[in-house]
Amino acid sequence: MANFLITGGAGFIGSHYLLTMVDRYKEDRFVCLDALTYAGDKERLKPILGRQNFSFIHGDIRDEALVDSLFREERFDYVINFAAETHVDNSIQNPKVFFETNVIGTNVLLNASIKYGVRRFHQVSTDEVYGGVPLDSSIRCGEDYPLNPSSPYAASKAAADLMVLAYKRTYGLLVSISRSSNNYGKNQHP
């Protein structure tokens with residue numbers, strides 16, 4: 001049995017992850033921590049609310065006391081960080097909240113992961129960290145393509161990614177990062 005913390009699990013992508021995993025891995029435990037901001041909706045999780053292997057906590061990843069107590073009580077094996085402020089246009093209007101959540105919040109989770117011996121930390125990022133990619137078909141883009149964020153949103157996600165990698169190198173935390181392109185589908189925020 002493994003114990004998972006899923007942050008931002010009431011969001012569009014995180015909720016799809018939880019709906020799949022809670023049903024598929026009944027012997028594992030999934031705790032969702034979500035601040036339920038503009039893009040989070042607990043209704044997305046309705047099919048799994050009340051399940052034995054799932055619990056929902058309304059809270060913010062920037063809240064160090066809450067995060068510490070949650071890690072101390074639950075003893076997570078794995079953390080998957082979907083929590084983020086998103087949308088480029090929103091970041092241009094209010095960049096501060098993007099850095100507070102995406103950078104400071106990720107740092108709070110990383111510190112707790114080190115303190116409580118998490119086995120792996122997975123950062124859910126975005127292709128926006130690469131900035132504009134030339135349309136020249138001879139240019140190959142891969143995981144080693146240079147980071148070149150072009151908005152406060154992208155810069156905050158790139159900063160969080162770099163911090164995750166620094167925790168790997170400095171503290172030996174096992175980490176991974178996924179940088180998907182735009183996703184769409186059922187339950188997407190308008």
Side-chain angles (χ1 to χ4, degrees), residues 4-18 21 32-35 37-40 60-64 67 71 76 78-115 118-185 188-189:
F4 290 82
L5 173 64
I6 310 301
T7 65
F12 168 52
I13 301 170
S15 63
H16 281 281
Y17 176 84
L18 279 168
M21 299 302 280
C32 174
L33 175 64
D34 199 298
T37 60
Y38 66 92
D60 196 311
I61 63 172
R62 298 173 294 175
D63 184 339
E64 290 181 64
V67 168
F71 273 72
F76 297 112
Y78 303 99
V79 174
I80 303 176
N81 183 25
F82 287 97
E85 294 292 333
T86 61
H87 304 300
V88 170
D89 292 343
N90 292 351
S91 77
I92 293 167
Q93 298 301 315
N94 185 12
K96 182 180 177 190
V97 71
F98 281 73
F99 283 91
E100 289 172 347
T101 299
N102 300 351
V103 180
I104 305 292
T106 300
N107 181 248
V108 169
L109 294 171
L110 287 165
N111 286 335
S113 294
I114 293 297
K115 182 177 179 180
V118 165
R119 290 160 65 181
R120 178 186 284 271
F121 184 98
H122 181 75
Q123 173 74 357
V124 178
S125 188
T126 174
D127 66 337
E128 293 278 346
V129 300
Y130 299 115
V133 177
L135 295 176
D136 182 345
S137 63
S138 68
I139 296 174
R140 296 305 229 191
C141 299
E143 292 178 2
D144 59 351
Y145 196 79
L147 301 183
N148 188 24
S150 56
S151 70
Y153 163 61
S156 71
K157 292 299 283 184
D161 290 1
L162 292 173
M163 191 176 336
V164 168
L165 294 173
Y167 271 62
K168 175 185 179 182
R169 186 170 186 162
T170 303
Y171 303 105
L173 180 63
L174 186 59
V175 303
S176 52
I177 300 171
S178 57
R179 296 180 178 142
S180 65
S181 294
N182 291 344
N183 292 276
Y184 64 94
Q188 185 172 12
H189 180 71

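Here the structure is a predicted model, which is why all the values come from computation and not from measurement.
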Fill in the blank from the handout: Rounded to the nearest 0.5 Å, the CG atom of L18 sits from the CD1 atom of I80 at a distance of 8.5 Å

Exercise for the section: Give, for atom NZ of K168 and atom CG of L174, the distance between the pair rounded to the nearest 0.5 Å. Expected result: 7.5 Å

Fill in the blank from the handout: On a heavy-atom basis, the closest approach of D34 and G40 is OD1-CA, 4.4 Å

Problem - Qualifying residue, where the test is side-chain contact (heavy atoms from CB on, under 4.5 Å) with N81 and the options are L5, T106, L110 - result: T106

Using atom types as modelled, flag every donor-acceptor pair under 3.5 Å from a side chain in residues 155-162 to any protein atom, sequence neighbours excluded.
| from | atom 1 | to | atom 2 | distance (Å) |
| --- | --- | --- | --- | --- |
| S156 | OG | N102 | ND2 | 2.9 |
| S156 | OG | P152 | O | 3.4 |
| S156 | OG | Y153 | O | 2.8 |
| K157 | NZ | V124 | O | 2.9 |
| D161 | OD1 | S125 | OG | 3.1 |
| D161 | OD2 | S125 | OG | 2.7 |
| D161 | OD2 | R179 | NE | 3.0 |
| D161 | OD2 | R179 | NH2 | 3.2 |

Practice task
Look at the rings of F71 and F76 and say which category their plane angle falls in: under 30° parallel, 30 to 60° tilted, over 60° perpendicular.
Solution key: perpendicular

Problem - From CG (N148) to OH (Y130), nearest 0.5 Å - result: 12.0 Å

Practice task
Could you please spell out the steps behind the side chain to side chain contact (heavy atoms under 4.5 Å, CB included) verdict for E85 and Y38?
Solution key: CA-CA 9 Å; E85 294 292 333; Y38 66 92; 3.4 Å; yes

Exercise for the section: Kindly determine whether Y167 and F121 satisfy side chain to side chain contact (heavy atoms under 4.5 Å, CB included), including the steps that lead there. Expected result: CA-CA 10 Å; Y167 271 62; F121 184 98; over 6 Å; no

Exercise for the section: Pick out which of V108, N107, L109, I114 makes a side-chain contact (heavy atoms from CB on, under 4.5 Å) with N111. Expected result: N107

Handout entry: Residue pair S150 / A154: nearest heavy atoms and the distance that separates them
Key = N-CB, 4.0 Å

Exercise for the section: Please report the C-alpha distance between Q123 and V175 in whole Å, then the side-chain angles of each, then the deciding distance to 0.1 Å, and finally whether the side chain to side chain contact (heavy atoms under 4.5 Å, CB included) criterion is met. Expected result: CA-CA 8 Å; Q123 173 74 357; V175 303; over 6 Å; no

Exercise for the section: Check step by step if side chain to side chain contact (heavy atoms under 4.5 Å, CB included) holds for K115 and V67. Expected result: CA-CA 11 Å; K115 182 177 179 180; V67 168; over 6 Å; no

Handout entry: E100, CD: over 12 other non-hydrogen atoms inside 6.0 angstrom
Key = yes

Handout entry: Pairwise distance OH(Y17) to SG(C32) - rounded to 0.5 angstrom
Key = 11.5 Å

